[in-house]
Structures are given as structure tokens and as C-alpha cells.
Peer 1: 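Have a look at the structure that comes next, please.
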Amino acid sequence: MSEQETIKIEGTVESVIYRNETNGYTVLDVDTGDELVTAVGELGDVEAGEVLLMEGKYVTHIKFGTQFAVEYCERKLPSTSVNICKYLSSGAIKGIGPALAKRIVDTFGEKTLEIMEKDPSKLLQIKGISPKKCDSIIEEAKKLFNLRHLMIFLSKYGLKSSVAMRAYQEWGHQAINIIKNNPYSLCSINIGLSFRKAEAVAAEMEISPNSHDRIEAGITFILSENANAGHSCLPLDVLEKLAIKFLKISEADFYDTYNEMIAEEKIFEYIKKDRGFIYLADYYIAESYIAGRISVMQAFSSPDDYNYEKLIDIEEQQNGIHYETLQRKAITTALSRGIMVMTGGPGTGKTTTLNAIISLYEKKGERVMLAAPTGRAAKRISDLTGREAKTIHRLLEVTFDAGGRLKFKHNENDPLACDVIVVDEMSMVDVILFESLLRSIKLSCRLVMVGDSDQLPSVGAGNLLKSLIESSCIPVIELKEIFRQAEQSCIVTNAHKIVRGEMPDLTQKNNDFFFFKRTQPELAINLIVDLVKNRLPKAYKYSPVDDIQVVSPSRKGSVGTVELNKILQTHLNPPGSMKKEVKSPVYTFREGDKIMQTKNNYDIVWSKDGEQGAGIYNGDIGKILSINRQRMEIIINFDGRIAAYSFDMVNQLELSYAITVHKSQGSEFEVVVMPLMGGFDKLYYRNLLYTAVTRAKKLLIIIGTEEAVNKMVLNNKRTNRYTCLTDMCRKEMKPRE
């Protein structure tokens, strides 16, 4: 049978083999009358005994053979006494086990489920069911039937059971009425249905294109999409044009809904230079809180620097280090003020200065905590300072509220127990995360922020570090002097040239920065493979997997990360009879592969040296240790943290022999190999090149054309983002020197 043919099959669930309670992904055996079929998909709370009408395709699993991948499913409650008994015995309703199920079905026969839904008090006739137990069963049955009705209702519109499960958690038995009244409610943050899918549901329900609910959801969608692109807000005139064009509505329709949303505080307007900027609530609250909190911290801070020259002199003598003028200024400012930023490019002594700041704080008896936005950035600062550093998420301790929404344990009511917090790689921190960090620290706690504002801004919305620096509202020390040892590195000198808009020197052949001209992608790929697999390991003893990182501007294209990963995997970790594999929509993963986590997952439990923790985050790089097909489990080592992944989590992973520049941010690698062939104008800009160059510790190799490098150096427009944080900070307080 063709694996591409979509067919329908009907059968009774024989047994449930596996189920993920979070997303409803299920593996089960279905008796079609002719054969036993293994079906897989997001089927929710399906139990043995149910009758399913499924639409999908037969696929071949490398280990388990033929399976039926379900794309659409209609569920029917079992109608025969045998199947009803099997259904209730499976634990479908809490409090009913096999023995009790048999007694109930023996009494009510094929009308059992109808009675449990419509006249459940009759259960009191059954021996062993007391009034208290009856009430308990009724409540559990009510939840089950309501959820089933919701799943059946949404399945008519092609929506998966995971959507129904989230909607039921949010609205309970009112869910169907709420969705009928406003299908766009499914776009709420806790349900997460895309606007376009909600549009399809609304069209089938014949909702008017000019309805307030549709326009409100559309405005929210546009703001959300732009927040995903880095903008914490949009100018009103820009939002208006986008909404009118996207929703095909009139200006009057737009403003009718817009004004209602402002009045109901679903969106917020901020006026900057007589121009209105529109925020979703979370981003408005975050930026306004940051501005207000910084103003309060400045009020608690000394307005001037104290004289710490003698202490710095002693630190110099003890460590055999000479601090330059700006380094001394940074140390003094950190010790004197309540909040400050230290910035500077490579080779300017940020790490040396930071070590002195931490050391002097500790000698004063202060409790210092170190944090960074990613696991790799935290490991790097820990290695450089010799002190424990945590991700900001781990520092704040992720928990979840009753509705399953993420929150942090530490906040205004439970602040962190420290006197000083040092945050490295501030360019990667977005406004939402920074708001949470500020809420977690006491007013007396000092905050030292370290970063390079010339690097890429955060993946999340806002341009936090740049905004704080430009506000002139907090002390900023920029280290500018390149130290003599660093001056000998072409990586360092070329990085500073790139920042200044100058073409890097591509002619050097005897230093740490090499350029190989290749005009054809095929030739560039051949050279990349040869360098990573043969030449660099042979010449410098570098590990192709642990020391060398291929970094590309794009995921797409012949020299994008997707294609490069497949090619590099073939050469560095080819298939073998002893290597187990598991497939994702994009990649085939096998034991020994270098992989990356692509989204924050706060639930993944890991162990390291006897310690247990939770959370693997976007950008964490690891190695597949083993694949267990019986348990449908992948064991991965993330820098010593051993974590188990179920097979349905593979869509959170990518091969990472090659990664994008954005994913490389906050990390350093012994060797970086970077193809620059052109073709992606939106990605070829200056601070992306600068960020890539500064990821290399010992050796950087660029493969491509001088024209592509020059184009990136000259393009300095990409970093502009809509945000009002600088203006908010200035309005909260007058700039202070």
C-alpha cells in the first residue's frame, strides 16, 4: 500500500500502548475486524473499547514497522456491553476498576454510558457504590463526557485533541458555548491556536469578516507576530495599515475595535515624540515596569563614585594584573552604584574587570550570584570566573500555576537571597525576562550587567541592552582599549573593524582568521567537509564534533544549516548496523549525533553527578548517547546533564553540526567555520557578521566571496526595533552622569 495514500479505517481500541498526557500523543492498537492496526497521533484520552473512525496514512517505522498515522479522528462511545465493560475497566473514569465496571455493565447493559451521563444517580443501585462514591463518580464522568463532547465538536473543524484539552482546562464545561460565540477565543495565549486556523473555523461558523471578535484577534495576531520578530510595540499608523490590508476591513472598522481594546486595556498606547506606539499588555507592563524599577534603584544608589583606588591597587598586587583607566572606572562604578552596565568588544578586558568586581564584592562580605540567559553562556561565564553561574530561568526557579502557565518562584514576595547579581551576555536578554529578574531582586541588591551591544539583539522582543545604554539613565562604562595580547589576534582586530564599518583583512594566512574564496556552493560545501573532518583535526588535533562549529547565517539554502547538517552527519556520524535511529520531520537522528534543543522546555528532568534538576533550554547543545526503541526513549548528554526524551519530543531537536548565528550567540567555540555565499539579503548585516566572528576563540574560517563579506559590513540597518524603553526611562528620571 502506498505510504502517501490517505484512507479511512474504523475499529475498536484494543489497548493503549503509550500516551503523553500533555499533548495527547497516543500509540494504540485498533481492531478493525480484519486485522490489528497500530495507530499513532494526537488522540487525547482515548481508552480501550472506544470505536474510532480515523483518517490518515500508513507509514513505515524503522523499528516498529507499519503504523497508521492519524490525521483526523471521530470518536464513538462503545455501544456493546463487552466494549463498554472494557472501556470502564481501562480507568476511563476515576474510581471505577474492572470489578466495579463488570457489576455496572451487568446491571445496565448497553445503556450503561447513557445512564451515567443522563441519570447517574441510578449508580446507587450497584453494590459497593455509596452516596459519597456515587457523587465522586458523577463528577469524574461529567468531566469525561464534557471533554469528549468538546473533542467531537472541534474535530468537525479539523482541530486536534490537544486543542480541545487546552480549551477544557481553560473554560471547563463552558468551552463549547464560548467557542461557538467567539471561535477567535481559541487564539488566546493559553490555547494557542493560530489566527489562520481560527479564521477557518470562523468561516465555517459564518462569522462576519467585520465582527469585533475577528478584528480584535487580528490586531492581537499582528502585534504578536511582530513581537516574535523583535518589536515590543508598533506605531499606530503602521498597525493601522497592516490590519486594514491583512483583515480587508475599513479604517472605521479598525478604529471601532481598536478604541474598545484600548478602553478594555487589552492593548496599550504609549506616546513618544507625538507618535502613538501600541503594545500588547505583557510588553507594555514589562517595559514600563523596567523603567520605573530602574528609577527606584537609582534613587537607592549613590549619585557619585566612591574612592576605591587602594582596594583596586591591592587587587592588582594579589593577582599580578594591571587595570587600565576604564577598567578601574568600571570596578569603582560597580562597587559604588546600585546598577550599572559594562560593555565592550573582544579583547577589551571585560572578563578581567568582572573578576575583580566579583572578588572585591566577596571581600566586602557580599553574596554574589552570577547568571546568563542561556545554559552555554552560563557555563562560559562560570569557566571564566571560577564560580557557579546559572541561567536566569534556573536562578528564578521555574514553576507553573494552577492553569499550567509558566511563572517564577522568585518575585517581589520571595526575592533572591543575594546582595549582588551579575548578568552576562545582556544583549541576549529580552524585556519580558528582564522584568522577571528585576521583580526577583531586593531594592538593596546591586545589579551589574555585562554585554556587547554590537552583537545581535535578543530573540525575544525589545532591544534591552541598547535601550538601557542609549537612555543615559544608568552608569555605562564602555571598555575600548584592546590589550596588547589581544591585538595580536586577527579575530579581535577584524571584529573591531567590522563594528566600525570597515572591511576585515581577508589576506592573512598565518594567524587565527582565514578566508577561502569559493563562488560555487558545491565547492564551499566540499571545503567545509574537508576542513571539519580532515584538515583541522589533523593539523591542530581539534575534535570535529566537540571543538569545531560550523555557523551559517541561514537555515535555508544549499549552505544553510539544514542541508549542511545532513551532509556533515553523513561524514561525521554515518549510519551503521549497531547505531539505532529515530526520525523527525526534518532529520534522522542516530546514536552519537550532535544535537541542539530548539525551544525552552522546563519539564525535562536531568541528572548530573548525583544532582537532579529540570529544564533544557533553547540553544543547549548535546550528544545522543542511546536510543531505546522498546521504551521509545532517547538519552542525551547536555554538557554532563543527562536527560531522557520520548520519541514524540524529537521535533524539539535539531542536528547541530551546523547552527545559525542566532543560535550561536552566548557561546564560544575553539573553531568557527562560516560559509558566506550571499543570497539572503535580509540576513546579511553587520552585527550578524560581528556576532559570528566573536564566537571563535582560537580560529575563524570564512568560506565564500569578498562581496558577501563587504555587503554584511556595509549593512547596518537590521538592528532597528520598535520599542519605547529608552523614552520611558528618560521620562521616569532625568539622565545622570
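Worth saying up front: this structure is predicted, and the values here are computed from it rather than measured.
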Peer 1: Can the ring centroids of Tyr283 and His231 be said to lie less than 6.0 angstrom from one another?
Peer 2: no
Peer 1: Please lay out, stage by stage, how Ile595 and Phe589 fare under the test side chain to side chain contact (heavy atoms under 4.5 Å, CB included).
Peer 2: CA-CA 8 Å; Ile595 56 88; Phe589 299 106; 3.7 Å; yes
Peer 1: Does one side chain, of Gln665 or Ser427, offer a donor that lies under 3.5 Å from an acceptor on the other?
Peer 2: yes
Peer 1: Identify which one of Thr598, Asn600, Asn601 satisfies the side chain to side chain donor-acceptor pair (under 3.5 Å) criterion when paired with Gln652.
Peer 2: Asn601
Peer 1: Output the distance between atom OG1 (Thr374) and atom CD (Gln597), rounded to the nearest 0.5 Å.
Peer 2: 13.0 Å
Peer 1: Between Gly560 and Ser552, which heavy-atom pair has the shortest distance, and what is it?
Peer 2: CA-OG, 3.8 Å
Peer 1: How long is the span from the OG atom in Ser436 to the CG atom in Leu395, to the nearest 0.5 Å?
Peer 2: 12.0 Å
Peer 1: Could you tell me whether the side chain of Ile624 reaches within less than 4.5 Å of the side chain of Ile635, counting heavy atoms only?
Peer 2: no
Peer 1: Answer yes or no: does atom NZ of Lys580 have more than 12 heavy-atom neighbours from other residues, nucleotides or ligands under 6.0 Å?
Peer 2: no
Peer 1: State, yes or no, whether a side-chain contact exists between Ser558 and Glu522 at a heavy-atom distance under 4.5 Å.
Peer 2: no
Peer 1: Where do Glu670 and Lys697 land on the salt bridge (Lys or Arg N to Asp or Glu O under 4.0 Å) test, with the steps shown first?
Peer 2: CA-CA 5 Å; Glu670 298 294 298; Lys697 290 169 67 175; 3.2 Å; yes
Peer 1: So, His496 side chain and Pro346 main chain: donor-acceptor pair closer than 3.5 Å or not?
Peer 2: yes
Peer 1: Does the pair Asp593 and Asn573 meet the rule for a side chain to side chain donor-acceptor pair (under 3.5 Å), with working shown?
Peer 2: CA-CA 7 Å; Asp593 270 335; Asn573 189 31; 2.8 Å; yes
Peer 1: Decide if atom NZ of Lys556 counts as having more than 12 heavy atoms of other residues, nucleotides or ligands within a radius under 6.0 Å.
Peer 2: no
Peer 1: Taking atom OH of Tyr587 and atom CG of Asn651, what is their separation to the nearest 0.5 Å?
Peer 2: 13.5 Å
Peer 1: May I ask you to check whether Glu287 and Tyr279 show a side-chain donor-acceptor distance below 3.5 Å?
Peer 2: yes
Peer 1: Starting at CG of Asn494, measure out to OH of Tyr690 and round the result to the nearest 0.5 Å.
Peer 2: 12.0 Å
Peer 1: Stepwise, does the side chain to side chain contact (heavy atoms under 4.5 Å, CB included) test hold for Val429 with Met426?
Peer 2: CA-CA 5 Å; Val429 180; Met426 275 296 298; 3.9 Å; yes
Peer 1: What's the spacing between Leu689 CG and Asn716 CG if we round to 0.5 Å?
Peer 2: 11.5 Å
Peer 1: Of all the heavy-atom pairs spanning Thr353 and Gly349, show the shortest one and how long it is.
Peer 2: OG1-O, 2.7 Å
Peer 1: Set out, in order, the CA-CA distance, both residues' side-chain angles and the distance that settles side chain to side chain donor-acceptor pair (under 3.5 Å) for Tyr657 and Gln569, then state yes or no.
Peer 2: CA-CA 7 Å; Tyr657 301 104; Gln569 182 195 40; 5.5 Å; no
Peer 1: Please give me the minimum heavy-atom distance between Thr343 and Asp452, naming the atom from each residue.
Peer 2: OG1-CA, 3.7 Å
Peer 1: Contact between Asp505 and Lys497 at the side-chain level, heavy atoms closer than 4.5 Å - yes or no?
Peer 2: yes
Peer 1: Looking at every non-hydrogen atom in both residues, tell me the closest pair between Leu464 and Val431 and how far apart they are.
Peer 2: CD1-CG1, 4.3 Å
Peer 1: Using a 6.0 Å cut-off, check whether atom NZ of Lys197 has over 12 heavy atoms from anything other than its own residue.
Peer 2: no
Peer 1: Side-chain contact, heavy-atom cut-off 4.5 Å: Leu676 with Ile703?
Peer 2: no
Peer 1: Please report the C-alpha distance between Phe514 and Ile702 in whole Å, then the side-chain angles of each, then the deciding distance to 0.1 Å, and finally whether the side chain to side chain contact (heavy atoms under 4.5 Å, CB included) criterion is met.
Peer 2: CA-CA 6 Å; Phe514 292 87; Ile702 293 178; over 6 Å; no
Peer 1: Is there a donor-acceptor pair closer than 3.5 Å between any side-chain N or O of Ser232 and the backbone N or O of Gly462?
Peer 2: no
Peer 1: I need the single residue from Arg376, Arg394, Arg641, Lys379 that forms a salt bridge (charged side-chain N to carboxylate O under 4.0 Å, His left out) with Asp620. Which is it?
Peer 2: Arg641
Peer 1: Looking at Ala243 and Ile222, what are the two nearest heavy atoms and their distance?
Peer 2: CA-CD1, 3.5 Å
Peer 1: Decide whether a cation-pi geometry holds between Lys509 and Phe516; the criteria are a distance under 6.0 Å from NZ or CZ to the six-membered ring centre and an angle within 45° of the ring axis.
Peer 2: yes
Peer 1: With side chains defined as the heavy atoms from C-beta onward, is the minimum distance between Phe434 and Leu465 less than 4.5 Å?
Peer 2: no
Peer 1: Could you tell me whether the side chain of Asp430 reaches within less than 4.5 Å of the side chain of Pro373, counting heavy atoms only?
Peer 2: no
Peer 1: Which heavy-atom pair separates Tyr722 from Cys233 by the least distance, and what is that distance?
Peer 2: CB-O, 3.1 Å
Peer 1: Judged by atom type as modelled, is there a donor-acceptor pair below 3.5 Å linking the side chain of Asn228 to the main-chain atoms of Leu223?
Peer 2: no
Peer 1: Please check: side-chain N/O of Asn637 versus main-chain N/O of Gly622, any donor-acceptor pairing under 3.5 Å?
Peer 2: no
Peer 1: So which of Lys390, Arg387, Lys350, Arg380 actually passes salt bridge (charged side-chain N to carboxylate O under 4.0 Å, His left out) with Asp424?
Peer 2: Arg380
Peer 1: Glu654 pairs by salt bridge (charged side-chain N to carboxylate O under 4.0 Å, His left out) with which of Arg555, Lys663, Lys594?
Peer 2: Arg555
Peer 1: Does the salt bridge (Lys or Arg N to Asp or Glu O under 4.0 Å) test come out yes or no for Glu707 and Lys711, once each step is laid out?
Peer 2: CA-CA 6 Å; Glu707 292 78 11; Lys711 180 185 288 188; over 6 Å; no
Peer 1: Has Lys599 got a side-chain atom pairing as donor or acceptor with Leu653's backbone, closer than 3.5 angstrom?
Peer 2: no
Peer 1: CD1/Ile636 to CE/Met649 distance, rounded to the nearest 0.5 angstrom?
Peer 2: 8.0 Å
Peer 1: Find out whether Asp282 and Ile432 are in side-chain contact, i.e. whether some heavy atom of one side chain is under 4.5 Å from a heavy atom of the other.
Peer 2: yes
Peer 1: Check the pair Ser489 / Asp512 against side chain to side chain donor-acceptor pair (under 3.5 Å), numbers first and verdict last.
Peer 2: CA-CA 6 Å; Ser489 165; Asp512 56 3; 2.6 Å; yes
Peer 1: What's the verdict on ring-ring contact (aromatic ring centres under 6.0 Å, His included) for Phe246 and Phe195, showing C-alpha distance, side-chain angles and the deciding distance?
Peer 2: CA-CA 12 Å; Phe246 177 67; Phe195 177 79; 5.6 Å; yes
Peer 1: Give a yes or no on whether Arg500 atom CZ has more than 12 heavy-atom contacts from other residues, nucleotides or ligands under 6.0 Å away.
Peer 2: yes
Peer 1: Please examine the side chains of Lys517 and Glu706, heavy atoms only from C-beta on, and report whether any two atoms are closer than 4.5 Å.
Peer 2: yes
